[in-house]
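So the structure is just underneath, and the comments pick up after that.
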Amino acid sequence: MNKSFWIPLMASFGTMIFLYIIGFIADIDFLKLKISLSNTEIALLPIVVGMLVGFISERIIKLKTQ
């Protein structure tokens, strides 16, 4: 696979992981992943931001290669 696939993918997952870590360390509810025996709560903001970073980085790579 070429870099036009891997760079946006890694940027996306890296951003999601980074935001979840910040939410865990700073105890920010809308950035946390809460898992317990009775329920699981997933914050959607890191997922949305990670997807946006992935799309933006893909567009930048496509523009640079043209």
Side-chain angles (χ1 to χ4, degrees):
M1 302 238 168
N2 54 10
K3 71 178 181 180
S4 66
F5 173 76
W6 286 107
I7 292 175
L9 183 69
M10 296 309 285
S12 178
F13 280 121
T15 303
M16 288 182 215
I17 291 169
F18 180 69
L19 288 175
Y20 279 123
I21 289 172
I22 287 175
F24 179 73
I25 290 173
D27 197 28
I28 302 172
D29 285 334
F30 59 88
L31 294 177
K32 283 175 74 172
L33 174 68
K34 300 176 189 173
I35 299 174
S36 65
L37 293 176
S38 61
N39 61 356
T40 302
E41 296 180 24
I42 299 173
L44 294 178
L45 182 66
I47 295 171
V48 171
V49 172
M51 290 174 64
L52 285 174
V53 168
F55 287 131
I56 291 170
S57 64
E58 181 181 6
R59 291 289 177 193
I60 290 172
I61 290 172
K62 283 185 179 182
L63 288 175
K64 296 273 185 181
T65 58
Q66 291 179 352

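Position 1 is the first residue of the sequence; numbering continues from there. Excluded from the calculations below are hydrogen atoms, water molecules and symmetry mates; all remaining heavy atoms, backbone and side chain alike, are included.
Between Ser12 and Met51, the closest heavy-atom pair is OG-N, 3.9 Å.
If you chain together hydrophobic residues whose side chains sit under 4.5 Å apart, Val48 and Leu19 never meet in one group. There is no path of hydrophobic side-chain contacts, each under 4.5 Å, that joins Ile21 to Val53. In the hydrophobic clustering of this structure, Leu44 does not group with Val49; members are Ile, Leu, Val, Met, Phe, Trp, Tyr whose side-chain heavy atoms approach within less than 4.5 Å, directly or through other members. Phe30 is not connected to Ile25 by any chain of hydrophobic side-chain contacts under 4.5 Å among Ile, Leu, Val, Met, Phe, Trp and Tyr, and they are in different clusters. The hydrophobic cluster containing Leu9 does not contain Ile56, counting ILVMFWY residues as joined when their side-chain heavy atoms lie under 4.5 angstrom apart, directly or transitively.
Screening residues 44-61 for side chain to side chain donor-acceptor pair (under 3.5 Å), with sequence neighbours left out, gives no hits. Identified under the side chain to side chain donor-acceptor pair (under 3.5 Å) test for residues 14-28, with sequence neighbours left out: Asp27-Lys32.
To the nearest 0.5 angstrom, Leu33 atom CG is 11.5 Å from Leu31 atom CG. Interatomic distance, Ile61 CD1 to Thr65 OG1, rounded to the nearest 0.5 Å: 8.5 Å.
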### Message
One pair to check against side-chain contact (heavy atoms from CB on, under 4.5 Å): Asn39 and Lys34. What are the steps and the verdict?
### Response
CA-CA 8 Å; Asn39 61 356; Lys34 300 176 189 173; over 6 Å; no
